[in-house]
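Heavy atoms only: backbone and side chains are in, while hydrogens, waters and symmetry mates are out.
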Amino acid sequence: MYRQSKKLVNDIERAINGEYSAIQCYANLANLALTEKERKQILEIRQDEMRHFQQFARIYASLTGRQPQPKMMEACPDAYLEGLEFALQDEQKTVDFYLDIAAETSNQYIKEAFRRAAADEQNHAVWFLYFFAKQKQR
């Protein structure tokens with residue numbers, strides 16, 4: 001049981017760092033967007049990431065009794081097309097990671113939080129794929 005809860009805390013910490021990194025990256029990506037519509041959609045995605053970050057931080061604090069110390073996972077590309085591809089791939093990997101967390105915990109609140117976040121991440125991936133495909137056609 002201890003090892004399982006330690007893994008859960010480590011996974012949540014990794015999720016927090018991923019959300020923190022996405023928040024930073026998507027701010028830059030929004031500034032690179034070629035249209036106002038794309039910029040607004042990327043900022044809406046960023047809002048979702050902020051909500052996930054806050055929710056995961058609350059879960060982390062309730063499990064550990066301390067606030068997380070988020071860190072950047074990896075730098076976001078500076079070019080728009082590369083940034084879209086990076087975001088798309090990251091969102092897809094995150095879907096699987098969050099579904100794994102949901103499957104491995106018996107805590108219903110945590111399970112539902114990560115299932116919902118996984119659904120959001122899948123939606124984000126579709127948006128990034130759309131923007132990426134549009135860019136490739138230009």
Side-chain angles (χ1 to χ4, degrees):
M1 188 70 173
Y2 172 75
R3 188 166 46 217
Q4 185 181 16
S5 64
K6 185 167 173 54
K7 181 183 181 326
L8 177 62
V9 168
N10 288 340
D11 285 347
I12 292 170
E13 190 170 29
R14 186 174 141 207
I16 289 167
N17 289 338
E19 295 294 340
Y20 179 78
S21 299
I23 291 164
Q24 311 310 312
C25 182
Y26 298 168
N28 294 335
L29 205 53
N31 288 331
L32 297 171
L34 302 180
T35 70
E36 183 62 18
K37 181 179 176 187
E38 288 178 21
R39 188 183 77 74
K40 282 184 176 179
Q41 185 59 52
I42 293 168
L43 290 175
E44 186 177 307
I45 290 169
R46 185 174 181 266
Q47 282 297 121
D48 288 347
E49 304 298 11
M50 292 168 72
R51 187 171 33 80
H52 298 160
F53 175 85
Q54 292 165 351
Q55 186 173 35
F56 298 166
R58 283 192 302 273
I59 291 169
Y60 180 88
S62 74
L63 293 174
T64 66
R66 61 186 193 278
Q67 291 300 313
Q69 302 297 314
K71 317 181 235 334
M72 287 291 291
M73 300 275 282
E74 56 187 310
C76 188
D78 289 331
Y80 189 52
L81 185 64
E82 288 81 7
L84 290 172
E85 184 175 24
F86 175 84
L88 167 61
Q89 291 175 0
D90 184 63
E91 294 286 336
Q92 283 297 106
K93 285 185 275 184
T94 302
V95 170
D96 291 337
F97 178 52
Y98 287 180
L99 289 175
D100 288 345
I101 293 172
E104 292 170 4
T105 186
S106 58
N107 180 301
Q108 288 304 307
Y109 179 78
I110 296 172
K111 187 181 290 287
E112 186 54 36
F114 277 90
R115 279 188 187 150
R116 174 62 206 197
D120 289 345
E121 302 297 324
Q122 185 66 60
N123 184 42
H124 301 163
V126 171
W127 276 110
F128 286 128
L129 178 60
Y130 171 66
F131 297 149
F132 181 76
K134 274 180 46 178
Q135 281 301 112
K136 290 292 271 190
Q137 291 176 350
R138 290 188 173 155

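- Annotation: side chain of Leu63 is not in contact with side chain of Asn107 (no heavy-atom distance under 4.5 Å).
- Between the side chains of Gln92 and Gln122, at least one donor N or O sits under 3.5 Å from an acceptor N or O.
- At a threshold of 4.5 Å between non-hydrogen side-chain atoms, the residues Lys136 and Leu81 count as touching.
- Of the possible donor and acceptor atoms, none in the side chain of Thr105 sits under 3.5 Å from a partner among the backbone N and O of Ile101.
- Counting heavy atoms from C-beta on, the side chains of Gln135 and Glu82 never come closer than 4.5 Å.
- Remark: aromatic rings of Phe97 and Phe114 are distant, center separation not under 6.0 Å.
- For the atom pair CD1 (Ile12) and CG (Leu8), the distance works out to 4.0 Å, reported to the nearest 0.5 Å.
- Hydrophobic clustering of Ile, Leu, Val, Met, Phe, Trp and Tyr side chains at less than 4.5 Å, counting indirect connections, keeps Met72 apart from Leu29.
- Linking Ile, Leu, Val, Met, Phe, Trp and Tyr residues whenever their side-chain heavy atoms come within less than 4.5 Å places Leu32 and Phe132 in a single cluster.
- Annotation: side chain of Asp120 is in contact with side chain of His124 (closest heavy-atom distance under 4.5 Å).
- In this structure, Tyr60 OH and Arg66 CZ are separated by 3.5 Å, a value rounded to the nearest 0.5 Å.
- Expressed to the nearest 0.5 Å, how far CZ of Arg14 lies from CD of Glu19 amounts to 12.0 Å.
- Defined by atom type and a distance below 3.5 Å, a donor-acceptor pair is missing between the side-chain atoms of Tyr20 and Gln69.
- Note that CG of Asn10 and CD of Glu13 are 6.5 Å apart. Values are rounded to the nearest 0.5 Å.
- Once rounded to the nearest 0.5 Å, the distance linking CD of Glu38 with OH of Tyr80 reads 3.5 Å.
- The two atoms that bring Gly83 and Pro77 nearest to each other are N-CB, 3.8 Å, heavy atoms only.
- Note on Lys93 versus Asp90: no salt bridge recorded, every NZ/NE/NH1/NH2 to OD/OE distance being 4.0 Å or above.
- Leu99 and Ile59 end up in different hydrophobic clusters when Ile, Leu, Val, Met, Phe, Trp and Tyr side chains are linked at under 4.5 Å.
- Clustering ILVMFWY residues whenever any of their side-chain heavy atoms sit less than 4.5 angstrom apart, transitively, puts Leu88 in a cluster other than the one holding Tyr98.
- A donor-acceptor pair under 3.5 Å is formed between the side chain of Ser21 and the backbone N or O of Met73.
- Of the possible donor and acceptor atoms, one in the side chain of Arg46 sits under 3.5 Å from a partner among the backbone N and O of Ile23.
- When all heavy atoms are compared, the tightest approach of Phe86 to Ala75 is CZ-O, 3.9 Å.
- Exactly one of Phe128, Trp127, Tyr130 qualifies for a side-chain contact (heavy atoms from CB on, under 4.5 Å) with Gln41. That residue is Trp127.
- Distance CD/Gln55 to CD1/Ile16: 11.0 Å, rounded to 0.5 Å.
- Taking the side chain as every heavy atom from C-beta outward, Gln108 and Glu112 never approach each other to under 4.5 Å.
- Side chains of Glu49 and His52: a donor-acceptor N/O pair is present below 3.5 angstrom, by distance only.
- Applying side-chain contact (heavy atoms from CB on, under 4.5 Å) to Arg39 and the options Thr35, Ile42, Leu43 leaves one that passes, Leu43.
- Across every non-hydrogen atom of Asn17 and Lys71, the tightest pair is OD1-N, 2.9 Å.
- Heavy atoms from other residues, nucleotides or ligands lying under 6.0 Å from NZ of Lys40 number 12 at most.
- For Ala113 against Phe56, the heavy-atom pair with the smallest separation is O-CE2, 4.4 Å.
- Grouping the Ile, Leu, Val, Met, Phe, Trp and Tyr side chains by contacts below 4.5 angstrom, directly or via other members, places Ile45 with Leu34.
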